[in-house]
Amino acid sequence: MRTDHRAEPAEPAAGVPGHGATAVAHPNIALIKYWGKRDERLMIPYVDSLSMTLDVFPTTTTVRLDPAARADGVTLDGSPAEGEARRRVVDFLELLRERSGRSEPAVVDTRNSVPTGAGLASSASGFAALALAGAAAYGLDLDRTALSRLARRGSASASRSMFGGFAICHAGRGAGAAADLSSYAEPVPVPDFDPALVIVLVDTGAKAVSSRTAMRRTVETSPLYRAWATSSKADLAELRAALRRGDLDAVGEIAERNALGMHATMLAARPAVRYLSPATVAVLDGVLRLRSDGVSAYATMDAGPNVKVLCHRADAARVADAVRGAAPGCSVVTARRGPGARLQTEAGR
Ligand code: 2P0
């Protein structure tokens, strides 16, 4: 694992000459979670979600059109992508070709600075970077809203990484084209709210069940899913008000209960999906101890055992020490709010 988590990954290989673009995007962590799709083809979520884009773990992706190639070339961290990972990128390139009316295959080179598929939002930064670089390479002239809608087709959480700071992804209304048009992300401007997110890397191996499979199973079999989706609406309204007040305790409390509720829906799925490990629970105990000592610290977990602890920036070092003590051997990275996806200009390289 790289030690400078803010550094952009090594420049992708030069690839072949032709239309090309490079984009950098950061992952985001949802405070109100997206879990479950009402349209899997168009990637339309059941619920609205709200996240903070991070300033660590960027993904850098280059897309170059290669008219001479017979098929798309996809490399992930320097190795050819295979199976599901390759198929998702190729499907996304098909969408770009359909939208642009072009037919050239592409060479895609993606560098992640975070382990892929470990519940650390690599698909959010990955598809945000791919959408931005791919749209530029195929000559699509899209505004940020349209880019977030496009990124959603790769991974719904990627729509939010198009923006820096806090962003909301709308689940949208209706079906088909109406749903596609109304499901996009937009920024939630809270310039004065600048907390720390202490990320506890409990396990950086790829997860046993992909979030896509897990959310499908949850929607189809968990008797708790509807109840969580309903309560999530109220959580979102309360969280937005808390963000506007800059009330970290309220933001943290709502985010923590929303995440635990999401995991409860998975535990009730048949068969159960359990991403939380003993080390996750040890960190959660550490967070409770911090709170009983008067420190504002609140946990959230995604599709994996890793824990992200929201706290005041001034408390970040104390929180990091406490979680290290609770789960010895885990690495800990402290993040803050980070920038939206951006194209790398030639001059900026
Ligand atoms: C989120 N997660 O809101 C939620 C919370 C994980 C738990 O979005 O199928 O990789 O590509 O849309 O976005 C992880 O799922 O799933 C995720 P797809 P994604 O951040």
Side-chain angles (χ1 to χ4, degrees), residues 25-54 59 88 92 95 119-132 135 142-175 177-190 193 197 211-212 214-216 218-219 225 228-243 251 254-255 258-259 261-262 265 300 302-303 308 337-341:
H26 288 75
N28 67 76
I29 297 300
L31 302 177
I32 299 295
K33 305 294 187 189
Y34 141 62
W35 195 250
K37 298 178 188 65
R38 59 196 178 88
D39 183 324
E40 291 205 352
R41 188 181 68 83
L42 292 173
M43 305 280 284
I44 311 289
Y46 266 111
V47 293
D48 296 341
S49 55
L50 192 152
S51 62
M52 180 171 108
T53 299
L54 307 182
T59 295
R88 284 179 67 174
F92 195 82
L95 180 65
L120 288 166
S122 58
S123 76
S125 53
F127 278 100
L130 180 62
L132 194 54
L142 303 174
D143 64 18
R144 279 275 147 172
T145 305
L147 283 165
S148 78
R149 209 180 269 126
L150 177 66
R152 191 203 75 231
R153 294 288 297 270
S155 189
S157 55
S159 63
R160 302 183 309 236
S161 277
M162 216 38 95
F163 301 98
F166 294 86
I168 184 170
C169 174
H170 300 285
R173 294 171 306 279
D180 184 42
L181 200 64
S182 55
S183 181
Y184 57 86
E186 63 180 339
V188 175
V190 274
F193 190 65
L197 201 61
S211 46
R212 196 155 291 193
M215 64 177 87
R216 182 185 304 140
T218 307
V219 170
Y225 181 71
W228 174 77
T230 302
S231 69
S232 205
K233 279 202 183 80
D235 284 349
L236 176 65
E238 282 184 45
L239 187 115
R240 292 192 76 157
L243 276 177
V251 169
I254 299 161
N258 187 267
M262 177 189 73
T265 69
T300 185
D302 296 288
K308 298 92 184 182
R337 45 190 289 170

Legend entry - Test item: R160 side-chain N/O and A185 main-chain N/O as donor-acceptor pair under 3.5 Å: no
Inset, instruction - Identify the heavy atoms of T59 and A129 that sit nearest to each other, and give their distance. - result: O-CB, 4.1 Å
Legend entry - Side-chain donor-acceptor contact under 3.5 Å, N28 with S157: no
Legend entry - Where at least one partner belongs to residues 26-36, residue pairs that pass salt bridge (charged side-chain N to carboxylate O under 4.0 Å, His left out), sequence neighbours excluded: K33-D302
Legend entry - Atom of G261, atom of W228 and distance for their closest heavy-atom approach: C-CD1, 3.5 Å
Inset, instruction - Look at the side chain of R153 and the backbone N and O of F92, then say whether any donor-acceptor pair between them is shorter than 3.5 Å. - result: no
Inset, instruction - Evaluate the side chain to side chain contact (heavy atoms under 4.5 Å, CB included) criterion for residues L147 and Y184: first the C-alpha distance (whole Å), next the side-chain angles of each, then the deciding distance (0.1 Å), finally the verdict. - result: CA-CA 9 Å; L147 283 165; Y184 57 86; over 6 Å; no
Inset, instruction - Any chance you could measure M262, atom CE, to M215, atom CE, to the nearest 0.5 Å? - result: 8.5 Å
Inset, instruction - Any chance you could measure R38, atom CZ, to I44, atom CD1, to the nearest 0.5 Å? - result: 6.0 Å
Legend entry - Residues E186, R144; criterion side chain to side chain contact (heavy atoms under 4.5 Å, CB included); working and verdict: CA-CA 8 Å; E186 63 180 339; R144 279 275 147 172; over 6 Å; no
Inset, instruction - Could you check whether the rings of F193 and F166 sit parallel, tilted or perpendicular, using 30° and 60° as the cut-offs? - result: tilted
Inset, instruction - Using the side-chain contact (heavy atoms from CB on, under 4.5 Å) rule, pick out the option among P189, S51, S148, C169 that qualifies with F163. - result: S148
Inset, instruction - State which residue, out of S211, S123, S161, S125, fulfils the side chain to side chain donor-acceptor pair (under 3.5 Å) condition with S155. - result: S123
Inset, instruction - Kindly indicate, with the supporting measurements, whether the criterion side chain to side chain contact (heavy atoms under 4.5 Å, CB included) is fulfilled by M52 and K308. - result: CA-CA 11 Å; M52 180 171 108; K308 298 92 184 182; over 6 Å; no
Inset, instruction - Mind listing the closest non-hydrogen atom pair of A214 and T218 along with its distance? - result: O-OG1, 2.7 Å
Inset, instruction - State, with a plain yes or no, whether a side-chain heavy atom of K37 is found less than 4.5 Å away from one of V219. - result: no
Inset, instruction - Check whether any side-chain heavy atom of M43 sits under 4.5 Å from a side-chain heavy atom of R212, and report yes or no. - result: yes
Legend entry - Closest heavy-atom pair and its distance - T300, A259: OG1-CB, 3.4 Å
Legend entry - Gap between atom OH of Y225 and atom OG of S232 - 0.5 Å precision: 8.5 Å
Inset, instruction - Mind listing the closest non-hydrogen atom pair of F127 and G154 along with its distance? - result: CD2-CA, 3.4 Å
Legend entry - Reported CD1-to-CG distance for the pair I29 and L50, which is rounded to 0.5 angstrom: 13.0 Å
Legend entry - Residues which pass side-chain hydrogen bond (donor to acceptor under 3.5 Å, both in side chains) with R152, listed by chain and number, not counting sequence neighbours: D180
Legend entry - Spacing of N258 atom CG and S231 atom OG [to the nearest 0.5 Å]: 7.0 Å
Inset, instruction - Measure from the side-chain N and O atoms of S182 to the backbone N and O of A178, and report whether any donor-acceptor pair falls under 3.5 Å. - result: yes
Inset, instruction - List in chain and number order the residues that pass salt bridge (Lys or Arg N to Asp or Glu O under 4.0 Å) with R216, two or more places apart in sequence or in another chain; answer none if no residue qualifies. - result: E40
Legend entry - Residue pair I254, L31: steps toward the side chain to side chain contact (heavy atoms under 4.5 Å, CB included) verdict: CA-CA 8 Å; I254 299 161; L31 302 177; over 6 Å; no
Legend entry - Spacing of S159 atom OG and I168 atom CD1 [to the nearest 0.5 Å]: 10.5 Å
Legend entry - Nearest heavy atoms of V47 and A229, plus distance in Å: CG1-CB, 3.7 Å
